[in-house]
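One structure is given here, and the rest of the page talks about it.
Side-chain atoms are counted along with the backbone in the values below, which use heavy atoms only and exclude waters and symmetry mates. Please read these numbers as outputs of a predicted model, since none were measured by experiment.
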Amino acid sequence: MSWVYPDPDQPEPVDHFDCLPDSVLLLVFNKIGDVKALGRCCVVSRRFHSLVPQVENVVVRVDCVISDDDCSSSSSSSDKSRALVGPFSNLFRLVFGGIVKPLQALGQFLGPKRSVLNETLNSLSSSSLFVAPGVGDDGEMDHGGVTHHSPTQVLRNFNEIRFLRIELPSGELGIDDGVLLKWRADFGSTLDNCVILGAASVINNGISPEFGFGNGDDNGSIPETFYTNGGLKLRVVWTISSLIAASARHYLLQPIIADHKTLDSLVLTDADGQGVLCMNRDQLEELRVKPLSASSASKRTLVPALNMRLWYAPYLELPDGVVLKGATLVAIRPSEQSASKNEVLDSSWLSNAFEEPYGTAAKMLVKRRTYCLEMNSF
């Protein structure tokens with residue numbers, strides 16, 4: 001075997017990558033975004049290690065949500081479930097075109113499946129979020145043989161974050177196959193607005209004969225069967241559940257917002273596309289200046305008294321052939337916001353709340369008859 005040695009008289013080859021300025025490398029790192037990939041970049045070289053903390057656009061994909069109560073007894077879970085239902089009694093007041101529709105106490109028509117949903121939401125409210133593997137070594141937790149880091153600990157390695165996106169592994173609300181439920185909420189120190197789109201079923205690739213054709217033959221009114229067949233009950237559950245999920249997410253973001261004062265935008269979403277929580281720069285600063293009010297029931301932000309507007313269509317045919325059966329859109333704002341402000345903001349806000357084809361569904365629904373609702377703080 002013979003060894004080949006470099007010729008000392010030959011100049012060393014130029015590493016053109018090293019010739020790139022830091023600003024160009026930062027553009028590349030910002031395109032990468034993913035916190036795990038950036039963590040691997042840190043170990044490539046000392047230069048990379050010094051540049052990664054300056055990245056402005058960061059994406060954190062959470063691997064798991066670990067409840068603090070995983071080891072609790074089933075009886076304890078049952079107690080928590082009942083505790084969550086309690087505050088919802090007599091929570092709703094619904095006014096439809098000036099006619100008050102009598103409702104039983106909310107707790108009476110939530111139904112047996114509600115306890116399962118309560119446990120899911122309570123789990124999120126008392127949960128920790130973990131990423132594996134993380135960038136830093138702080139806050140490690142060995143769970144099932146895998147080392148995890150909380151997003152708060154991972155993000156402390158970054159000094160210049162402006163745009164942050166955190167993605168949960170799945171949405172919090174368990175729904176049956178074929179059912180559509182999507183929500184988007186904007187928060188400052190408390191809820192600024194929320195929009196919820198739901199449908200009892202989604203039919204793709206044409207229209208089933210049983211549904212018929214057209215969208216406007218019901219003159220925009222909610223049929224009486226909506227109140228008697230469980231339709232209203234289901235929408236009430238969707239609305240409350242989405243608000244609790246959004247307020248639980250908001251509560252979890254406090255330490256991240258406090259640590260990163262350079263943030264211009266923060267989005268907390270999920271891989272299922274079920275719910276999106278958004279905060280812009282003004283809303284982030286509002287939370288730093290005016291601390292949130294926590295709910296006494298669980299680890300989530302207190303939801304203020306709300307005014308709502310609801311639109312309903314038994315069948316909604318979208319331009320691409322998708323049909324929504326029992327489509328409902330609910331636009332929510334705190335009661336203290338003026339009616340004039342609501343009117344100005346709703347059209348643009350609702351039209352951009354969801355990706356297509358559901359953005360079109362929202363635009364179509366707001367053209368129908370409007371029903372007004374009110375909800376107490378909880």
Give the table of side-chain donor-acceptor pairs shorter than 3.5 Å for residues 262-270, with sequence neighbours excluded, one pair per line with atom names and distance.
residue, atom, partner, partner atom, Å
Thr262, OG1, Ile161, N, 3.4
Thr262, OG1, Ile161, O, 2.5
Asp264, OD1, Arg281, NH1, 2.4
Asp264, OD2, Arg162, NE, 2.7
Asp264, OD2, Arg162, NH2, 2.9
Thr269, OG1, Gly275, O, 3.3
Asp270, OD1, Asp272, N, 3.1
Asp270, OD1, Gly273, N, 2.8
Asp270, OD1, Gln274, N, 2.8
Asp270, OD2, Arg249, NH2, 2.7
Asp270, OD2, Gly275, N, 2.9

Review point. Quick check: does any side chain N or O of Thr152 sit under 3.5 Å from a backbone N or O of Pro255, one acting as donor and the other as acceptor?
Key: no
Check your understanding: Quick check: does any side chain N or O of Tyr358 sit under 3.5 Å from a backbone N or O of Ala353, one acting as donor and the other as acceptor?
Key -> no
Point to revise | Ser241 (side chain) donor-acceptor with Trp238 (main chain) under 3.5 angstrom | key: no
Check your understanding: Sequence neighbours excluded, which residues qualify as side chain to side chain donor-acceptor pair (under 3.5 Å) partners of Asp34?
Key -> Arg61
Point to revise | Given Asn57, Val58, Leu51, Val24, the one that forms side chain to side chain contact (heavy atoms under 4.5 Å, CB included) with Phe29 | key: Leu51
Revision key, fill the gap. Closest heavy-atom pair, Leu277 versus Ala246, reported as atoms and distance to 0.1 Å, is CD1-O, 3.3 Å
Check your understanding: Got Leu191 and Asn193 here, is their nearest side-chain heavy-atom distance under 4.5 Å?
Key -> no
Practice item. Please find out if less than 6.0 Å separates the ring center of Tyr312 from that of Phe226. Key: yes
**Study point:** Joint hydrophobic cluster, Val59 plus Leu155, side-chain heavy atoms closer than 4.5 Å
**Key:** no
Study note, to complete from the structure: d(Cys278 SG, Asn280 CG) to nearest 0.5 Å is 9.0 Å
Point to revise | Asn157 side chain to Val154 backbone, donor-acceptor under 3.5 Å | key: yes
Practice item. Please test Ile257 against Arg288 for side-chain contact (heavy atoms from CB on, under 4.5 Å), starting from the C-alpha separation and ending with a verdict. Key: CA-CA 7 Å; Ile257 295 170; Arg288 296 188 189 102; 3.8 Å; yes
Study note, to complete from the structure: One should read off an interatomic distance between Leu306 CG and Phe378 CZ, to the nearest 0.5 angstrom, of 7.0 Å
Exercise for review: Answer yes or no: is there a side-chain heavy-atom contact under 4.5 Å between Asn307 and Pro334?
Suggested key: no
Exercise for review: Apply the test side-chain contact (heavy atoms from CB on, under 4.5 Å) to residues Asp320 and Glu356: give CA-CA distance (whole Å), side-chain angles for both, the deciding distance (0.1 Å), then the verdict.
Suggested key: CA-CA 10 Å; Asp320 62 353; Glu356 294 301 333; over 6 Å; no
Review point. Can you tell if the side chain of Met279 reaches within under 4.5 Å of the side chain of Leu287, non-hydrogen atoms only?
Key: yes
Practice item. May I ask whether Leu38 and Val44 are part of the same hydrophobic cluster, defined by side-chain heavy atoms of I, L, V, M, F, W, Y residues being less than 4.5 angstrom apart, directly or through others? Key: yes
Review point. Considering residues at least two apart in sequence or located in another chain, which fulfil the side chain to side chain contact (heavy atoms under 4.5 Å, CB included) criterion with Ser293?
Key: Leu302
Check your understanding: Side-chain contact, heavy-atom cut-off 4.5 Å: Tyr371 with Ile222?
Key -> yes
Point to revise | Stepwise side-chain contact (heavy atoms from CB on, under 4.5 Å) test for Asp22 and Arg47 | key: CA-CA 9 Å; Asp22 288 352; Arg47 187 185 182 199; 2.8 Å; yes
Practice item. Using a 4.5 Å cut-off on heavy atoms from C-beta on, say whether the side chain of Val195 contacts that of Leu329. Key: yes
Exercise for review: Working to the nearest 0.5 Å, report the span between SG of Cys41 and CG of Leu25.
Suggested key: 10.0 Å
Practice item. Starting from the C-alpha separation in whole Å, work towards a yes-or-no answer on side-chain contact (heavy atoms from CB on, under 4.5 Å) for Leu197 and Leu365. Key: CA-CA 10 Å; Leu197 177 67; Leu365 283 165; 3.7 Å; yes
**Study point:** 4.5 Å side-chain heavy-atom contact, Met375 and Met308
**Key:** yes
Exercise for review: Please check if any side-chain donor atom of Thr328 sits under 3.5 Å from a side-chain acceptor atom of Trp311, or the reverse.
Suggested key: no
Check your understanding: Are Val276 and Ile175 linked, directly or through other ILVMFWY residues, by side chains that come within less than 4.5 angstrom of each other?
Key -> no
Point to revise | Donor-acceptor under 3.5 Å (Glu286 side chain, Lys290 main chain) | key: no
Check your understanding: So, Gln254 side chain and Tyr251 main chain: donor-acceptor pair closer than 3.5 Å or not?
Key -> yes
Practice item. Measure the spacing between CG of Leu310 and CG of Leu232 and express it to the nearest 0.5 Å. Key: 8.5 Å
**Study point:** Arg368 side-chain N/O to Met364 backbone N/O, donor-acceptor pair under 3.5 Å
**Key:** no
**Study point:** Closest non-hydrogen atom pair between Ala245 and Leu173, with its separation
**Key:** CB-CD2, 4.3 Å
Exercise for review: Keeping the roles fixed (side chain from Asn30, backbone from Val55), state whether a donor-acceptor pair exists under 3.5 Å.
Suggested key: no
Check your understanding: Do Phe158 and Leu26 sit in the same hydrophobic cluster, where Ile, Leu, Val, Met, Phe, Trp and Tyr count as joined when their side-chain heavy atoms come under 4.5 Å apart?
Key -> yes
**Study point:** By side chain to side chain contact (heavy atoms under 4.5 Å, CB included) - contacts of Asp192 (at least two apart)
**Key:** Asp186, Gln283
Review point. What distance do Asp63 atom CG and Glu167 atom CD have between them, rounded to the nearest 0.5 Å?
Key: 10.5 Å
Point to revise | Heavy-atom donor-acceptor pair, Ser242 side chain to Thr239 backbone, under 3.5 Å | key: no
Check your understanding: Do you know the tightest heavy-atom contact between Arg156 and His260?
Key -> N-NE2, 4.2 Å
Check your understanding: Do Ser377 and Val303 have side chains that get closer than 4.5 Å, going by heavy atoms?
Key -> no
**Study point:** Interatomic spacing from CG in Asp259 to CD1 in Ile256 - rounded to 0.5 Å
**Key:** 8.0 Å
Practice item. Apply side chain to side chain donor-acceptor pair (under 3.5 Å) to Glu56 and list each qualifying residue two or more places apart in sequence or on a separate chain. Key: none
Review point. Would you say Ile32 and Phe163 are hydrophobically clustered, going by side-chain heavy atoms of ILVMFWY under 4.5 Å?
Key: no
Check your understanding: Taking only residues two or more places apart in sequence or in another chain, which ones pass side chain to side chain donor-acceptor pair (under 3.5 Å) with Thr301?
Key -> His250
Point to revise | Under 3.5 Å donor-acceptor, Ser335 side chain and Ala305 backbone | key: yes
